[in-house]
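So that the names make sense, note that chain A is the first sequence line, chain B the second, and so on, each numbered from 1. Small disclaimer: the values here were computed from a predicted structure and weren't measured.
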Number of protein chains: 2
Amino acid sequence: MSRRNDPIEALIELMARLPGLGPRSARRAVLYLIRKRAALLVPLAAAMQAVADSARPCLNCGNVGTSDICEICQSEARGNGLLCVVEDVADLWAMERSGVFRGRYHVLGGTLSALDGVGPDELRIPQLLSRIEAEGVSEVILALNATVDGQTTAHYIADQLEDRVALSSLAQGVPIGGELDYLDDGTITAALNARKRL
Amino acid sequence: MSRRNDPIEALIELMARLPGLGPRSARRAVLYLIRKRAALLVPLAAAMQAVADSARPCLNCGNVGTSDICEICQSEARGNGLLCVVEDVADLWAMERSGVFRGRYHVLGGTLSALDGVGPDELRIPQLLSRIEAEGVSEVILALNATVDGQTTAHYIADQLEDRVALSSLAQGVPIGGELDYLDDGTITAALNARKRL
């Protein structure tokens, strides 16, 4: 629309491409940004530029950080022999939020998919194999998503690592606070099969 | 969390303050931005800086644009004597999207509110009154929201403008595509009271 000036329109179009925002909420967000020019718009532009200049994948594990080797891989304390394999950085961040895992990670960058032509070499699986010896890993925890592709990938990795290192995967069952009525059949089946004696 | 480096963490915190995004979706959006560094993150940082440098309120109507007087106020064709009063810029943009109104706007910047200490002078109402003569306005259309505050403000403006200019407000009734079953009682009452003979 001619009424709206170009820079504002351009910003709305870019914002609308963010996950979780559509054209309407992007417009709302841009108006909000213009109103909060000094408090939010200017710092946000600077923060984006700073991340664009500094963010890079960790060469060792695939985490996103601002140095070639991320803080987790640099930390001696976290080289405790435990290595948690996740699909992507979002999963790594989710694990870190829980604060319960004190080892290191390996980010695959996706799942194996014959359909999409994603093979082991696209997934940083060779790097995973070479880390086992290099970092003296004693146990690999496969924290892949409970999807078909995730589990296929877990099986492939398990095949590769068998006899070289202890393997485990996250337990499946009823989520904390979950109500049976809202759970899918697969989760209930898994929870029942893995039931614990009291 | 120490694991996440400062610039990324800072960007997540700023993004989480946007309307429509929370901490979790902000994190997701930032990961997406880092993945799409060249295609989205860098252009978005530049677009935000461009808007921060150029966006300003129109001195005449309160619309947001990149010049002191917005395109609508500059357009001779839109000085047709019709003036549409809206609460904020989002409402102006919504009216413009419909493309049906070809006059000018006046953005109040909110609604009267005794509770929040918002009086006529905070709302660009004096500027509205002075525009009536200056621009030869023949009809003022009150397009304020159908809320208590919006309607209070409309009544106040109507009192001020009575005998000086023709006044109208948007029709109330069933929205296009609306199903009676999902409408509130107030809307049904308004639609029934304003029923039209076929």
Side-chain angles (χ1 to χ4, degrees), chain A residues 1-8 10-15 17-22 25-57 63-67 70-72 75 88-90 92-93 96-97 99, chain B residues 1-8 10-15 17-22 25-57 63-67 70-72 75 88-90 92-93 96-97 99:
Chain A
M1 279 174 272
S2 65
R3 154 195 68 78
R4 260 185 260 145
N5 292 285
D6 281 343
I8 298 173
L11 180 56
I12 292 171
E13 272 171 28
L14 286 168
M15 290 288 286
R17 288 163 56 190
L18 288 178
L21 289 180
S25 46
R27 213 175 289 122
R28 203 155 57 94
V30 167
L31 265 182
Y32 185 81
L33 283 170
I34 292 174
R35 274 195 214 110
K36 309 252 174 190
R37 191 187 163 284
L40 192 53
L41 178 53
V42 172
L44 196 51
M48 283 192 177
Q49 193 57 55
V51 169
D53 291 342
S54 64
R56 72 197 73 183
N63 185 15
V64 164
T66 50
S67 49
C70 75
E71 286 181 26
I72 297 173
S75 161
D88 58 35
V89 177
L92 188 161
W93 289 5
E96 280 296 284
R97 270 203 302 286
Chain B
M1 278 175 275
S2 66
R3 152 196 70 78
R4 262 186 257 143
N5 292 285
D6 281 343
I8 297 173
L11 179 56
I12 292 171
E13 272 171 27
L14 286 168
M15 291 287 286
R17 288 163 55 188
L18 287 178
L21 289 180
S25 47
R27 214 175 285 122
R28 203 155 57 95
V30 167
L31 266 182
Y32 186 81
L33 283 170
I34 292 173
R35 272 193 215 112
K36 308 251 174 191
R37 193 188 162 283
L40 192 54
L41 178 54
V42 173
L44 196 51
M48 283 193 177
Q49 193 57 55
V51 169
D53 291 341
S54 65
R56 71 196 76 183
N63 186 15
V64 163
T66 51
S67 49
C70 75
E71 286 181 27
I72 297 174
S75 161
D88 58 33
V89 177
L92 188 162
W93 289 5
E96 281 294 284
R97 273 202 302 283

- CH2 of Trp93(A) to CD1 of Ile12(B), rounded to nearest 0.5 Å, is 4.0 Å
- Message: Using 0.5 Å steps for rounding, measure from the CG atom of Leu21(A) to the CG atom of Leu21(B).
- Response: 4.5 Å
- Message: Does any backbone or side-chain atom of Leu31(A) lie under 4.5 Å from a heavy atom of chain B? Answer side chain, backbone, both or neither.
- Response: side chain
- Name the region of Arg37(A), side chain, backbone, both or neither, that has any atom closer than 4.5 Å to a heavy atom of chain B. side chain
- Could you tell me which of Val42(A), Val89(A), Leu41(A) has the largest number of non-hydrogen atom pairs under 4.5 Å with chain B? Leu41(A)
- Item | Atom of Pro7(A), atom of Ala50(B) and distance for their closest heavy-atom approach | CB-CB, 4.5 Å
- Exercise: identify the closest heavy-atom pair between Ala47(B) and Leu11(A): CB-CD1, 3.9 Å
- So do the side chains of Leu33(A) and Val51(B) get within less than 4.5 Å of each other, counting heavy atoms only? no
- Note on the structure: Residue from Glu13(A), Arg17(A), Arg56(A), Arg28(A) scoring the most non-hydrogen pairs under 4.5 Å with chain B is Arg17(A)
- Value for CG (Leu14(A)) from NZ (Lys36(B)), rounded to nearest 0.5 Å, stands at 13.0 Å
- Note on the structure: Checked Ala46(A), Ser75(A), Ala45(A) vs chain B; the most non-hydrogen pairs under 4.5 Å come from Ala45(A)
- Note on the structure: Checked Gln49(B), Arg35(B), Met48(B) vs chain A; the most non-hydrogen pairs under 4.5 Å come from Met48(B)
- Task: Pick one of side chain, backbone, both or neither for Ile34(A), based on which atoms fall under 4.5 Å of a heavy atom in chain B.
- Result: side chain
